[in-house]
Each structure stands twice: as C-alpha cells, then as structure tokens.
Amino acid sequence: MSETETPPFRYTAALAGEIELRWQAYWAENGTFHAPNPVGELADPTHPRAGAPKLHVQDMFPYPSGAGLHVGHPLGYIGTDSYTRYKRMAGFNVLHPMGFDAFGLPAEQYAVQTGTHPATTTEANVERYRQQLRRLGLAYDERRSFSTTDPEYYRWTQWIFLQVFNSWFDPEQGKARPISELIASYEAGERGTEWAELTPVERRKLIDAHRLAYMSEAPVNWCPGLGTVLANEEVTPDGRSERGNFPVFQRSLKQWMMRITAYGDRLIDDLDALDWPEPVKLMQRNWIGRSRGAHVDFPIDGGHIRVFTTRPDTLFGATYMVLAPEHELVESVVPAAWPEGTKDAWTGGHATPAEAVAAYRAAAAAKTEEERTADGKVKTGVFIGAFAENPVNGVRIPVFIADYVLAGYGTGAIMAVPGQDERDWAFAEVFQLPIIRTVEAPDGFQGAYTGEGPAINSDWLDGKGVAEAKAAMIAWLEENGKGTGATTYRLRDWLFSRQRYWGEPFPIVYDETGLPVALPESMLPVELPDVDDFSPRTFDPDDADTEPETPLSRKKDWVQVELDLGDGLKTYTRETNTMPQWAGSCWYELRYLDPHNDKVLVDPENEAYWMGPRTPGDPGGVDLYVGGVEHAVLHLLYARFWHKVLYDLGHVSSFEPFKRLFNQGYIQAYAYQDDRGFYVPAEEVVEREGGYFYGDQRVTRSYGKMGKSLKNIVTPDEMCDQYGADTFRVYEMAMGPLDVSRPWETRAVVGSQRFLQRAWRLVIEEETGAVRVTDEPLDPKTRKVLHRVIAGVREDMDELRFNTAIAKLIELTNALTPLPVVSREAVVPLVLMMAPFAPHLAEELWGKLGNEGTLAYADFPVADPAQLVADAITYPVQVNGKVRGRVEVAPDTPEAEVREAALAAVAEALVGREPKKVIVVAGRLVSVVV
RNA sequence: GCCCGGGUGGUGGAAUGGCAGACACGGCCGCCUUAAAAGCGGCUGCCUGACAAGGCGUGCGGGUUCGAGACCCGCCCCGGGCACCA
C-alpha cells in the first residue's frame, strides 16, 4: 500500500479530519452559533439573526456516564443539529443548546467504590462528552451550556423548590398561589374562626399541610438495596426498583412530597394543546388515570363506608361490599361471632370474624406485589361478619375484605356489582353471592356486562342509558345526602426526597419545633458539603425492616447550623435528604434561555421571546424537543408540573414546557455468542455459508442494545477516525427515518463516504487540488433536476425526513458527476444543501468556491417554480390495471388528446376490443378498461 | 386480557389511492492496475426464458375502486405500554 497512489486531494478520512478540526476551531473562535437574546448579557443587535423569527430546538440532555458515547447516543443530536442548521440558513434565529444532567446514582456508586469525589468523576465525564460532541461538529451555543451539578445552576433548582414550598393550590382558581395569600386569608377570618384559636405551632402545621411541597408520614417505596425511597414512577410493575432491580417495600416513612395530584386535571387537559406523539399522551393520561364517578356512603352499624364508583348507575345491582384488607374501618365493625346468614364459603374456615380477618390480613401482607398480581383473576377474600345497607333500596349486603381492592386507590372500598364488573363477577362466583343485572345485556350474553344498554331492575332508573342513569343517580345521591359526584386519580403525589449524597440539598432547615423553615433566597445556593463517605446506608435488598439513613446526616457540623432567619441567631438543623435526579431536568429548558442571569431564573423578555405563546391557545414552550420515549411519563410529567407552577406564580408566560415532542428511534446492534454462551467481539465476526463465524467457530447472533458486556459497542470516535465526522453524520441521517429504530452496520458507512467523495470531486481536482467549477450555465435538463431536488429537500427538511433529503442530494450529485463541465450554478446550491448534514465539508467547499467566512447564515437555496414544470409528461397507459404502453405529450395537452394518443399506444393490447371506460388522471396515467 | 406502533428485495429503507422497490449496503460482471485496495461503469425482487417476452409479487383471507403497500372488515406475527385503578 503506497500513499502515492491515492490522489493527494481525495476526500479521505485524514483530509476530513484535518478539515473538521479546522472548522470546529473556526466556529468556536468566531462564536458562529451564538444565538442573540432580546435583552441582557447575550443580546446582540448586530447579529445577522437579531429580531428574526425564533426557533427553539432542544435535545433531552444526557447523563454523562463514564463509558462515553456510542454511535446510538448522538442520533437525535445529529438530527436536531441538521434541522437547526437548515432552519438557521432559512432565516430563523435558532436556539440549540446542550447541557448535562449530571447528578445521579452512577457517579455516586463509583465514588463509593473508589473514594473519588462524584464531582471529580462527573467533571471528567462531562469534559469527555463535550469533546466527543464537539468532534461531531454539533452547532451548540456553548455559552449556554451547563451541568445540573453547577452550584450556579442548582441554586435555581433550589429557588424553584422554595417557590413550590411557598405556594398552595387554590381549588377555586385551579392554580397555585403564594402561601402568604392563604395565611392572609386565614388571618382575615375568611376561612372560619379556627385560626384565632390555634397556637402558632398549630398554625404553622395547618399552613404546611397546604403547601405544594410538604412533608408527610405516608406509605412510601422503600428500597433497602439502594438505601433510599423511590417515587411511584421509579418502581416497576413487579415491585422492583427501575435502577438496580432491587425489591421495593411499602413502608410508612416521613418524606418530602410534591402535590402533583392538584395538577391532575390540567396535566391531562393540556395534553390536547400539545403536538406530541399520541402514544406518549396516552401513557400520561393512563398514568394520571382520571376517573369520574361518585362517592357513595353505605350505612353500617355506627357509621358508614364510603366507596368510589365510576358506575353509580348500577347501584341497584350492588349485592356486597369489599374493603381493602388494610382498611381502617375493619376493626370497628368486626363482630364477636358470625352473624346469622353467614355462608360456609365466606368464613375461610375460621371460628370467628376476628380470626378470619387476622388470618387474611396476615396472608395478604406476606404476599409481594408480584405474587398478588400473579394470582391474576383468582379471587380471595373473607367475610368480616358485618352487613351494610344499600343506600338506594335499604337492602342488607355483606361486607368482605379482599386484596383485589387496593388501599391506595379511591377510598379503599368498593360496592361490588357483579352484573356489570368482571372482577366482582369472579368474586361473586367464588363466594356464592347474588348477581343482579342492572343493564340489559344482549341476548345470550354470559358474564359481567360492561357495555351500553338500558337500565333494568333499577326502579326509577329503568330504561335510561348508562350516561343518563349515571347523571340521574348522582343528582339523587346529592339531593338525599347519600353521596356526591367525584373524580379520582391514579396519580399519587410525587415523593421528592432521596437518601443519597449526589443530589441537590434542600434549602430547608428545622427549628426547635421540628417544623421546616425555608431559607431565604439570599442564602442560596445551599452547597453540597464535602463528606468522607458518599454512601447511604444500604441493606440486604430483601430486608424490609430497615430504616433509611442519609449520607449528609453524618456530617454533623454541617447539619447543625447557626443562622439568623429573622428571629436573631438561632440553631437550626438542616434537611439531610437530597432531591431526586429528576429535579435538575425539570426546568433546564428555561435556563438555556438566560444561563448566566443571577437576578432571576430567566428574564421574562427572553422567556417570552424563546418560549412564549404566539397565538391564542398556544401553550408556548420549546418548538421541538427530541428524545427517547423512555421518558414518556417520568421526566416529561415532572417537568410539565414544575412549569405549570412557575406559570401560575407568574415566572413564565408559557403554560407548557415542550410544545412539540419527537421520539427518536434507537440504534441497536447485533451481538454474537459462541456455543459456551460467551460474547465474542462483534467486529471480528464474519458472515459466510449462511451463518456467522468468529474465526472457525460458528456463533449465534442476537439483536439488542449496545453494551460493553455484549462486546458490540461502536463509538463515534472510531467512526470519526475511520471516515470523518461528516461521513458519520450523513450515514446516521441517511440510514432511515429519525423515529425508527434500526441496526447499526459499520460496513454500510462507506456508502456515505462515497457520496461525500463524489461531491468533493465535483469541486476539487483530486490530483492537483484545483477547483474544477466553471461559470458555464447548467444544461436545461439538469437545471430541472436541480430545482426539483431543491424543492424536495426543503420539504423533507421541514418534515424531519432527513433520509429522503439525503437521497435527493445523492441523486443530484450523481446527475452532475457524468457531466463534462461542473457548473457553479448547480454546485453552489448543492454545497449549501449539504451543509446541514456535512457542515465541515460544506464550509470547506464554500471557501474553495471563493466565499469568505462561514456559510452558517447563507441563504438556503430556493427552487424556481418555473423550473418545476416538466417539459413533457410520459403517461403510462394501463389496460385493466396493467401497464401496456406509454405516451409522451406536452404538459398542457388537453385530456381528449391524451386519451387519443393513449388508445393509439395500446391498440395492439386492445386487439380490437372496445374500451368500456378510459380514465385520464392529469399528469399521472391513463387507465383503459375493456 | 386491554391500548398503541409496525410487518415491502439478501440488508437499511423509498413510494399525495396512480409505473412498487427511490437512495444506500451487500452480491455479480467489467474498466483501471503487474497485482490488490481505492475509484469508475453496468446488472441485481422472485419464477420461466438464450433473447424477446411473460407470469407472480408489499404477513394471510375477503372487500371497496378503472386502479390498493396505502382505504374498509376478519385473522396471524413482531415490538412497546398498561394490567385487579372500582
């Protein structure tokens, strides 16, 4: 192999590398991608896009892991980079920032293992990510980059926490208001006389109970293996931690909560205003789980049982009741002996109701979530010996406990209507309970009927449809004081505290009463102190009977603090929990807008410009937000919640953070295992004889994610070394639509390199480096191709269809390649259109074509409509659906003439048969029916 | 079980109800080369056929239409989400 044989000016990986480094340096030195703000430090009235229409495009920022990037990670980043480079050239003032979600478990766990401070690890990882991203030529405004771990950033995370802490949700107005207004309202006596009689401490407790961030002793998800509690969203359906897959137990613990449930309605309703993938909206709706129905009170000795039902219309069919095993009313209503009318099947074989209840409760408590749901539809339960009264007809109905009723949903009690509910039907069969249909089922229908139909066996509801009967029953319940219309949610309040080290400290201290006191803004940020031991106390993953202990609590000299919070110098105790990883990503889209502002979170003018609503009903928000679908519920729900609080309190003008969401697909890879099951390096496996071989060994192939242990990682750095960043970018964008997952195939990358080499060769003579381009006009036929490509590329770019845009650019390049002369008329627009995908190469060629500086703000080509009209149209002519001939006619040929010509063209195929029908589709084809 | 996506060549993928398979990978053939690589050119859905040509083709079965990969009905398979939420 001798270098003399490769033409010296060929676009090789080495040349690409040289060009890329040079342009990356140019962009950085010249601040090419700085986006001007309307006001403040980043304002720049002289900027070419100052005052232009804005476009705010954002990627879900990464957690900078120690492993660095693989080729799958930057797919979305390259997509948004290509899109924003295009939009910038098309005249928009583009904001495309990137930051790092740097708090979190891996850095902490690494710290525990090695003793390295998480800040050190995190900083190194962030630096590595920055270099990898820079190498890909991503056009970020680097002035706006930050890590969530920067004290100057988390100062504002803490500030938002204080906003949430210092507000309450006013159900009348349906929005958050400052807590001071609630206090004023109590003081003014607008909320009863209670206030005047309370002690100061009682008043504080009353107010604290209204805050949007509050402490509560409540059942939480305790994960001994991680040594921390987790939010519901972080627990998998089989009762394990999403991170680490450890068992999770229900424990009652005092923890910080955020009142996200107050926003349930708005979080559902405002989805309608968003341009999001329908599946993501659906997942959020399901997670919030709003059900409308009624609360109904069933009298029972010494009180009543309140149930929630979505089917108040079926009340006449309620033949028994079920309480969750843990329901607090159970003790007080269990009688000493089984009452008359107790069936044998109801007692579980126990001598007394108290024994039966105790036994069932013990059995239910011993089951894990996994076991309970694995039992599926087999219903268990036990009669508690008490009867309640159906409030609509006074019928005496037995009361059971059963684990198919969940303590945490609704009121933890149900009225059972086996006729119209499958679960109740199954239970009624096991326990020989009566079934009364109250909705007429279709003839021959078996089992519980949940469909539409007229009410039957329901006295004054008979004949009414389901919706009408529901409304009538709710009205009746309310008139007679037996119940009310009600809405419940599956969504629980957000458990916000974690017993970890590597997170934002709470800006909260406790005084001598043990009640929380907010630190004033002037004391922010509360910096994370250095500690010797970063680890929370972790336990045997299966030992539920353990207590969390936070790393910060061991730092005694930090926990005890002397402060003057208005009452003179006093000793306070700091909150030692930290915030969950989601906190930093809940609002970062706002900080990009005004990253260095130390007066406010974001200047209102800058927020209104980049994210404010443009038309009535417009939610505002980021114009395009690209990321993986795995954040459909967690991050996106929390971020929407915080944004709405900030909106209510007047800090932002947009009521949603992300107007348009796009879920990019994943790049996956094949992995290969030998017959012992060991993974072998994927890059060394070859395909032959219809199988896969590693050396002489036959190996089996599997498909999935890239991972170190699967030995199938390909990194962007390798791709840059072997092909150059531009080739890598073009390949990732050309391999398929952005939202589709697909397998990585290194050997296919060469196709993109060939494309760039051909384009390069159009401009540059490979042997001499001379510019080949001439001022010769383009021939008319190729000119039409050019303009058709321009029109198509613009359309594709606007729709994020980068793969087809690149295909059109290849077609144009291939059309120009065989031409005897290279015309500037075609090459200039080609280079400009390639710039979003292959920016370094395009910049270089742009310079060779005699231009100064960067093309980042050059006008993206516009097609000449006159060139989009075809010279002639070739009509395929179908006979009975098969193409049997073609005719070429001028574009404006009248239909009758086209028909004539077409019939003549297929005369042979018609062999004298008379056409029954001739359809001429203008500009498309002719269809003849015989 | 319920709810979403999705099934097109050897592969990744194109196709406002209008010539299925753009573009690319791979494969085959050729040019260049002492040779190889790179590059360039041609062919490449399947079947029959020397060619010309013909037949069959978008998971399966029906339907609507002059015309269906696309629309409707009923299935099958793959991926994802939810799963006793009253």
Side-chain angles (χ1 to χ4, degrees), chain A residues 1-2 5-7 10 12 237 277-283 285-287 289-291 293 307-311 314 322 324 372-373 375-379 402-406 408-417 420-424 426-427 488-491 629-630 632-633 663 687 690 730-731 734-737 739-755 757-758 761 766 792 801 803-811 813-814 817-818 874-884 886 915-930:
Chain A
M1 156 116 179
S2 86
E5 306 219 9
T6 301
R10 171 160 294 170
T12 57
E278 212 45 54
V280 175
K281 289 191 189 184
L282 197 67
M283 279 188 251
R285 284 194 194 101
N286 288 343
W287 187 263
R290 176 166 67 188
S291 303
V307 304
F308 174 75
T309 177
T310 57
R311 294 295 301 273
T314 64
V322 184
R372 204 178 60 77
T373 48
D375 289 345
K377 296 269 188 290
V378 183
K379 294 290 179 283
D403 65 3
Y404 84 92
V405 172
L406 309 174
Y409 183 77
T411 61
I414 62 156
M415 64 177 206
V417 187
Q420 275 77 229
D421 184 285
E422 283 163 22
R423 297 153 301 182
D424 296 346
F427 190 87
T488 64
Y489 303 85
R490 201 184 86 114
L491 180 70
V629 72
E630 71 272 18
V633 175
N663 293 127
E687 189 180 355
V730 168
Y731 175 64
M735 64 197 289
D739 55 349
V740 172
S741 295
R742 64 233 82 162
W744 178 260
E745 196 182 5
T746 297
R747 67 178 180 178
V749 178
V750 70
S752 299
Q753 187 179 34
R754 287 178 192 150
F755 161 49
Q757 282 177 339
R758 283 199 297 277
R761 198 155 43 225
E766 286 188 331
R801 292 190 306 244
N803 54 327
T804 51
I806 290 171
K808 290 179 174 82
L809 294 173
I810 294 173
E811 282 183 74
T813 304
N814 292 350
T817 298
T874 304
Y875 281 90
V877 186
Q878 295 182 344
V879 178
N880 287 349
K882 298 219 180 286
V883 179
R884 297 296 179 189
R886 289 163 203 287
K916 287 199 193 106
K917 202 168 176 184
V918 180
I919 298 151
V920 179
V921 185
R924 284 289 179 184
L925 55 44
V926 182
S927 184
V928 182
V929 189
V930 293

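Chain A is the first sequence line, chain B the second, and so forth, proteins listed ahead of strands; every chain is numbered from 1. Any value given below was found using the heavy atoms of this structure, including those in side chains, with hydrogens, waters and symmetry copies removed.
- Across B/U16, B/C25, B/A14, the shortest atom-to-atom separation from the side chain of A/R754 is found for B/C25.
- Taking the ring centre of A/Y404 as origin, the terminal cationic atom of A/K379 falls inside the region bounded by 6.0 Å and 45° from the ring axis.
- When the P atom is used for both B/C46 and B/G12, the distance is 16 Å, rounded to whole Å.
- A/N803 has no side-chain polar atom (N or O) that falls below the 4.0 Å cut-off from OP1 or OP2 of B/A22.
- Contact annotation for A/V921: base contact, defined as any heavy-atom pair under 4.0 Å involving a base atom.
- With ring centers used as reference points, A/Y731 lies under 6.0 Å from A/W744.
- Residue-level contact check: A/L282 touches the backbone only, with heavy atoms under 4.0 Å from sugar-phosphate atoms and none from bases.
- For the pair A/R884 and A/A734, nearest-nucleotide mapping onto RNA chain B gives the more 5' position to A/A734.
- Base-pair partner of B/A86: not found among the strands shown (Watson-Crick or G-U wobble, both distances under 3.5 Å).
- Residues A/L925 and A/A748 both approach RNA chain B. Their nearest nucleotides, taken by heavy-atom distance, put A/L925 toward the 5′ side.
- Base pairing of B/G39: its partner is B/C31, meeting the Watson-Crick or G-U wobble criterion (both donor-acceptor distances under 3.5 Å).
- A/T12 comes within contact range of no nucleotide atom at all, as no heavy-atom separation falls under 4.0 Å.
- When every heavy atom of A/M415 is checked against every heavy atom of A/T314, the shortest pair comes out as CE-OG1, 3.7 Å.
- With a glycosidic angle no more than 90° from 0, B/G9 adopts the syn conformation.
- Backbone-only contact: A/V740 has heavy atoms under 4.0 Å from sugar-phosphate atoms and none from a base.
- Put simply, the side chain of A/K379 and the base of B/C84 share a donor and an acceptor less than 3.5 Å apart.
- The residue A/S291 sits close only to the backbone: its heavy atoms come under 4.0 Å of sugar-phosphate atoms, none of a base.
- Residue contacts shown for A/D424 are absent, as no nucleic acid heavy atom lies under 4.0 Å away.
- Counting to the nearest Å, the P atom of B/G5 and the CD atom of A/E278 are 8 Å from each other.
- Distances were taken from every side-chain heavy atom of A/Y409 (C-beta onward) to each of B/A86, B/C66, B/C23; the shortest belongs to B/A86.
- Residue-level contact check: A/R490 touches the bases, meaning some heavy atom is under 4.0 Å from a base atom.
- Between A/R758 and B/C23 there is no side-chain N or O to OP1 or OP2 distance below 4.0 Å.
- A/E811 comes within 4.0 angstrom of the backbone, heavy atoms only, and of no base.
- Judged by atom type and distance alone, A/R924 reaches the base of B/U16 through a side-chain donor-acceptor pair under 3.5 Å.
- One atom, CE of A/M415, and another, P of B/C84, lie 20 Å apart when rounded to the nearest Å.
- Interface remark: the A/R886 side chain does form a donor-acceptor pair with the B/C19 base, using a distance-only criterion of under 3.5 Å.
- Residue A/T310 is in sugar-phosphate contact alone, with no base atom involved, counting any heavy-atom pair closer than 4.0 Å across all strands shown.
- Residues A/T488 and A/G410 share a closest heavy-atom pair of CG2-CA, 4.3 Å.
- Here B/C4 is the nucleotide among B/C23, B/C66, B/C4 with the atom lying nearest to any side-chain atom of A/P279.
- Under the Watson-Crick and G-U wobble criteria, each requiring two contacts below 3.5 Å, nucleotide B/G79 is paired to B/C4.
- At a threshold of 4.0 angstrom between heavy atoms, the contacts of A/E766 with the nucleic acid are absent.
- By the 30° and 60° cut-offs, the orientation of the rings of A/F308 relative to A/Y409 is perpendicular.
- Closest contact between the side chain of A/P743 and the listed nucleotides B/A86, B/G12, B/G55 involves B/G12.
- Atom CD1 of A/I919 and atom C1' of B/U65 are 9 Å apart (whole Å).
- Distances were taken from every side-chain heavy atom of A/T804 (C-beta onward) to each of B/G12, B/A14, B/A86; the shortest belongs to B/A14.
- Looking at heavy-atom distances under 4.0 Å, A/P277 makes no contact with the nucleic acid at all.
- The nucleotide whose nearest atom lies closest to any side-chain atom of A/P737 is, among B/A86, B/G13, B/C23, B/G13.
- Summarising the geometry, the separation between CE on A/M735 and P on B/U11 is reported as 15 Å, rounded to the nearest angstrom.
- Pair assignment for B/G67: none, as no Watson-Crick or G-U wobble contacts are both less than 3.5 Å.
- The nucleotide whose nearest atom lies closest to any side-chain atom of A/K917 is, among B/C84, B/A24, B/C66, B/C66.
- Pairing for B/A53 goes to B/U48, judged as Watson-Crick or G-U wobble with the two contacts each under 3.5 Å.
- Whole-Å rounding puts the A/K808 NZ to B/A24 P distance at 13 Å.
- The listed nucleotides are B/C84, B/C19, B/A38; the one nearest the side chain of A/Y404 is B/C84.
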